[in-house]
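To start, the structure itself, in structure tokens.
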Amino acid sequence: MHNTTVMLIELGAIILGLGLLGRLAGRVGFSPIPLYLLGGLAFGHGGFLPLTASEEFTATGAEIGVILLLLLLGLEYSASELVNSLKTQYPSGAVDFVLNAVPGAAAALLLGWGPVAAVALAGVTWISSSGVIAKVLGDFGRLGNRETPVVLGILVIEDLAMALYLPILTALLAGVSLAGGALTLLISLGTVGAVLYLALRHGRVISRAVSSDSAEMLLLVVLGLTLLVAGIAQELQVSAAVGAFLVGIALSGEVAEGASTLLAPLRDLFAAVFFVFFGLSTDPADIPPVLVPALVLAIVTTLTKIATGWYAARRAGIRSAGRWRAGGTLVARGEFSIVIAGLAVGVEPRMGPLATAYVLILVILGPVAARWTEPIAARLTRRPVPLAPAAMPAAERIDPARTAR
């Protein structure tokens with residue numbers, strides 16, 4: 001059978017399977033992300049029926065899925081809201097780094113992997129998955145919640161921090177000179193600064209240039225601009241997701257609303273492809289040997305992420321329920337963790353399977369934590385309500401006349 005024919009059959013099976021899994025998840029009232037991942041794991045390398053002809057197309061679709069997730073997330077907020085978030089959330093960002101990077105670094109040192117691997121594993125455990133969390137927020141209808149800007153503020157700080165972290169890690173892994181690493185870092189900082197400046201100072205001009213009465217033209221221009229900026233950002237050692245997010249915040253008003261409506265179906269399709277590809281690229285046979293340390297690390301960093309979200313929401317004056325929701329929402333790890341682990345496998349080959357198992361656990365646990373952290377916390381922290389005197393047994397009632405004596 002011709003390779004193109006096989007690819008079409010595989011793609012059709014993948015998309016049809018996504019639809020059926022999504023329908024199943026909808027019937028039980030749960031996010032479809034874990035089902036997408038398990039489906040990919042079943043049909044990836046080492047699975048029941050490996051799909052190879054469509055692998056390259058699926059990988060490209062997965063990249064587009066992450067970009068569209070962050071673009072539409074950026075369209076929800078203006079540049080001024082982003083700046084305010086950064087101004088108010090930087091203490092929470094510092095707490096996030098300490099609580100969640102330290103366990104990864106400590107685990108690498110305890111396993112005897114060395115300081116460079118410790119820096120890499122710290123990044124794996126530190127960075128939450130913007131893609132997974134964006135999907136979870138949409139699935140659970142929480143985009144308008146009071147705690148959502150807090151969650152997004154932490155994600156933005158993490159994504160922007162990658163512009164500093166990835167060049168430093170790359171320099172450490174390559175063993176380049178201090179001057180070479182500093183040059184890469186300066187390029188990253190300059191790129192992020194330029195995009196932020198355009199978004200803040202010239203966002204209205206960009207919106208007018210992109211605006212069109214034709215839905216077709218608006219779709220093509222916004223999508224093309226986003227992919228172009230994401231590609232340039234990736235080439236300059238800045239996350240493509242950060243570039244897409246900043247394009248989203250640069251657009252405002254009717255342009256942002258129209259683009260959101262047009263791109264939402266594409267976002268849903270390619271985001272699902274991203275989660276399936278993540279499962280397809282994982283060999284199930286590599287997971288059992290590293291499952292115990294990955295599980296321990298996942299439990300520890302689940303608690304630290306919940307603590308991070310709780311602290312950040314408390315600083316923002318959000319009530320208890322919103323604090324727990326914020327913490328649970330931040331649990332998922334995903335795309336950035338895999339990128340970091342992929343860079344570091346040359347220094348420490350065992351990091352690949354460990355990071356894969358760790359991310360698989362948390363990318364499945366993430367939607368569960370987002371849904372159930374607040375109800376469980378409410379049940380555990382609920383104080384017993386004292387019984388009214390009339391409802392108390394007669395032997396346990398206090399007679400005011402007797403106590404007066």
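Here, residue 1 is the first one in the sequence, and each next residue gets the next number. Small disclaimer: the values here were computed from a predicted structure and weren't measured.
Residue E374 places its CD atom among more than 12 non-hydrogen atoms of other residues, nucleotides or ligands, all under 6.0 Å distant.
Judged by distance alone, the side chain of R315 and the main-chain N or O of S92 form no donor-acceptor pair under 3.5 Å. Under a 3.5 Å cut-off, the side chain of T301 and the backbone N or O of T304 do not form any donor-acceptor pair. Using a distance-only test at 3.5 Å, with no hydrogens or angles considered, a donor-acceptor pair links the side chain of R333 to the main chain of T125. Looking at Y165, its side chain does come within 3.5 Å of a backbone N or O of V119 through a donor-acceptor pair. Looking at S211, its side chain never comes within 3.5 Å of a backbone N or O of S207 through a donor-acceptor pair.
Going from atom OG1 of T226 over to atom CG of L68 covers 7.5 Å, rounded to the nearest 0.5 Å. The distance from atom CG of L137 to atom CG of D139, rounded to the nearest 0.5 Å, is 9.0 Å. Here L75 contributes atom CG and L263 contributes atom CG; the two are 7.5 Å apart, rounded to the nearest 0.5 Å. If you take CG on L11 and OG1 on T58, they are separated by 5.5 Å, rounding to the nearest 0.5 Å. For the atom pair CG (L111) and CG (L354), the distance works out to 7.0 Å, reported to the nearest 0.5 Å. A distance of 12.0 Å separates CZ in R325 from CZ in F140, rounded to the nearest 0.5 Å.
Across all non-hydrogen atoms, the minimal contact from I361 to A298 is CG2-CB, 3.8 Å. Smallest separation of non-hydrogen atoms from L169 and V116: CD1-O, 4.5 Å. Residues A122 and A101 approach most closely at CB-O, 3.4 Å, considering heavy atoms. When all heavy atoms of V273 and A62 are compared, the pair lying nearest together is CG1-N, 3.9 Å. Closest of all the heavy-atom pairs between I340 and A120 is CG2-O, 3.2 Å. Of all heavy-atom pairs spanning G328 and T373, the tightest one is CA-OG1, 3.5 Å.
By the 4.0 Å N-to-carboxylate-O rule, E158 lies close enough to K305 to be salt-bridged with it.
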Quick one: do D96 and I157 satisfy side chain to side chain contact (heavy atoms under 4.5 Å, CB included)? Show the steps, please. CA-CA 10 Å; D96 178 34; I157 292 173; over 6 Å; no
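No option in L360, I299, T302 other than T302 meets the side chain to side chain contact (heavy atoms under 4.5 Å, CB included) test with L365.
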